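First the structure, in the form of structure tokens, and then the observations on it.
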Amino acid sequence: MGPIWIMAGYGSLSIRMGRHWAQILSRHGARVHARFWPGKTRVVIVPKGLAPGILTQLLSPCGDDVTCLHQAWMEEAVRRCLSLGGRKRDREGGRAGTADLALPPLNPYYYHVNALPRPEEKMNVAAGKEKRRGRQTTEEAEKEEEGGEGESGLGGRHRQLETAKWTCREASRAGLLNHNVHLTVFLDELIAIYDMLGSDIAGGRYRRAQYHRFVQILRGLPFAINKDNLRSLKKKRGIGSSMLKDIGEILEYGRLSRLEALKRREGVEACLSFQKVWGVGPATARALFTHDKIQSISELRARVRSHPGILNENQRVGLRYYEEFQERIPRSEVRKIEERVREGTEALYPGMFILTTCGSYRRGASHCGDVDILFAPISDATDDKSDSYFGVCRLGDGYLHRRLDLKVYSRQQYPFAVLYFTGSDHFNRSMRCWAIKHKGEALEKEHDYGGDSDREETWDRANKKEAWALSPSEME
DNA sequence: AGGCAGCGCAC
DNA sequence: GTGCGC
DNA sequence: GCCT
């Protein structure tokens, strides 16, 4: 076994256990790193809830030969070690004559990079599959999309096909059929309004987030909510009495009176449209309406012509492409953009960068809001500085302008950044939550897993990076 | 009652 | 310091 | 908004 990184601090694998294992392993002569070290770390212990296969895919560009072992495998290994070796109370240690780790059989908790198709190969499979749809116009693809919502046959089937083989998509419901459009249409409007009201309402930001979460849950359900199964929502975390009441009202009367009341407020309609401009948030939207007396996007455009200063540079770009940015990007086009970026990168910096397109694209969505591409230099980068670009791109004539984000991270941070920017939000949040809760269990220096080159790494620093980490497989 | 993430950039 | 998007 |  080469140098090991125990991915402690995630999900079910506590720092404490990680430390415990690290001690056991190092007594047997293993070297344990405090964090993933590209090119050096050879083995990664993967917590429950993260699929080793996903990690393998993520890490493969960073090290040629990384093996991912599941936590369950490690537990088994340690159990056998303790029972066979019988030295669990032996503090004095040395590495004197106890049994070696009696390793359990590897399947199914073991993944090796070379045992799996490389990510690139998988991409090509997808590429072929996309080709058929790639020739359709956006409108046609859209139609297919919406048709699927009405009559559940079409959309569902083709997506199932697309989803089947993708490890990184297995647990994701992105792009699946929404069986609860009858509810989410109302709640989406409500969310937009809460977004707009922002700080007007006490805890507005979090109220909005709560509804957002709720809508995600509804979208992910494999069935439609009706009066009979309404109660099944009750036990879900994050769904309280207000939300159940809302759903009850919609199911009963087909309307949401609270939403209607909010929509009647003066300026709501205008502000909602302003906020759809990239870079315009609640405050700017309200100022445009109340201070500048602007009532619509077309008025806003006129006013910006005479007074460009009322919007900043980014917002003006957002306004210019207002309509285009509302459109979702077909998966096939995201892939083309990725390819174009890859070509450009190769032309400028041949062989110097690896890149991954993250966001909902990586979660397997059939349509995305923007394109989010992460880079890392292949060569050893000593610092963890990052850089990013938030801008606009277009493939060429006949294509729409699209939002494009480019972010560069060090090779060390790259896998975690990829994980993080793959989302979803909700999943990210839950990990963050977890990380904070356990911040107290900061790693003592002497317990720094005996890492070699990275001994000085503090938990806080490591935590910051690790708090990145979320896995698409963990999403509900 | 208090927390719900926190950062960098533009202004 | 605020607003915004990430 | 919901949760502790």
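Since this is a predicted model, take the numbers as computed values, not measurements. We name chains A, B, ... by the order of the sequence lines, and we start the count at 1 in each one.
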Exercise. Would you kindly give the CZ-to-C1' distance between A:Arg207 and B:dG3, to the nearest whole Å?
Key: 16 Å
Quiz item: Got more than 12 heavy atoms from elsewhere within 6.0 Å of OH, A:Tyr253?
Solution: no
Self-check item: Pairing residues for A:Tyr321 by the ring pair (Phe, Tyr, Trp, His ring centres under 6.0 Å) criterion, not counting sequence neighbours
Solution: A:Phe325, A:His401
Provide a list of protein-nucleic acid N or O atom pairs under 3.5 angstrom, restricted to nucleotides 4-6 of chain C.
residue: C:dC4; atom: OP1; partner: A:Gly281; partner atom: N; Å: 2.8
residue: C:dC4; atom: OP1; partner: A:Gly281; partner atom: O; Å: 3.0
residue: C:dC4; atom: OP1; partner: A:Thr284; partner atom: N; Å: 2.7
residue: C:dC4; atom: OP1; partner: A:Thr284; partner atom: OG1; Å: 2.4
residue: C:dC4; atom: OP2; partner: A:Pro282; partner atom: N; Å: 3.2
residue: C:dC4; atom: OP2; partner: A:Ala283; partner atom: N; Å: 2.9
residue: C:dC4; atom: O5'; partner: A:Gly281; partner atom: N; Å: 3.3
residue: C:dC4; atom: O3'; partner: A:Gly279; partner atom: O; Å: 3.4
residue: C:dG5; atom: OP1; partner: A:Gly279; partner atom: N; Å: 2.9
residue: C:dG5; atom: OP1; partner: A:Val280; partner atom: N; Å: 3.4
residue: C:dG5; atom: OP1; partner: A:Val280; partner atom: O; Å: 3.3
residue: C:dC6; atom: OP1; partner: A:Arg403; partner atom: NH2; Å: 2.5
residue: C:dC6; atom: O3'; partner: A:Lys407; partner atom: NZ; Å: 3.2

Quiz prompt | B:dG3 to C:dC6 separation - P atoms, rounded to the nearest Å | solution = 28 Å
Exercise. Sticking with atom C1', work out how far D:dG1 lies from B:dC7, rounded to a whole angstrom.
Key: 25 Å
Exercise. Mind calculating the distance between CZ (A:Arg237) and P (B:dC4) to the nearest angstrom?
Key: 13 Å
Quiz item: Do any side-chain nitrogens or oxygens of A:Arg316 fall under 4.0 Å of OP1 or OP2 in B:dA10?
Solution: no
Quiz item: How long is the line joining CG of A:Leu244 and P of D:dG1, in whole Å?
Solution: 13 Å
Practice problem: Remember a base hit wins even if backbone is also touched, and classify A:Phe214 as base, sugar-phosphate or nothing at under 4.0 Å, heavy atoms. | Solution: nothing
Exercise. Between C:dG5 and B:dC4, how far apart are the P atoms? Round to whole Å, please.
Key: 23 Å
Practice problem: Before accepting this row, confirm whether a basic side-chain N of the pair A:Arg316/A:Glu313 lies closer than 4.0 Å to the acidic partner's carboxylate O. | Solution: yes
Practice problem: Take the protein atom NZ of A:Lys234 and the nucleotide atom P of D:dC2, then report the distance between them rounded to whole Å. | Solution: 12 Å
Quiz item: B:dG3 phosphate, OP1 or OP2: any side-chain N/O from A:Tyr206 under 4.0 angstrom?
Solution: no
Quiz item: More than 12 foreign heavy atoms under 6.0 Å from CD of A:Glu266: is that the case here?
Solution: no
Practice problem: Report yes if a side-chain nitrogen or oxygen of A:Ser388 is closer than 4.0 Å to either non-bridging phosphate oxygen (OP1 or OP2) of B:dG8; otherwise report no. | Solution: no
Quiz item: So what does A:Arg258 touch, heavy atoms closer than 4.0 Å: a base, only the sugar-phosphate, or nothing?
Solution: sugar-phosphate
Quiz item: What about A:Tyr194 and A:Tyr211, are their ring centers closer than 6.0 Å?
Solution: yes
Practice problem: Apply the salt bridge (Lys or Arg N to Asp or Glu O under 4.0 Å) test between A:Glu338 and each candidate in A:Lys336, A:Arg335, A:Arg340, A:Arg342; give the one that qualifies. | Solution: A:Arg342
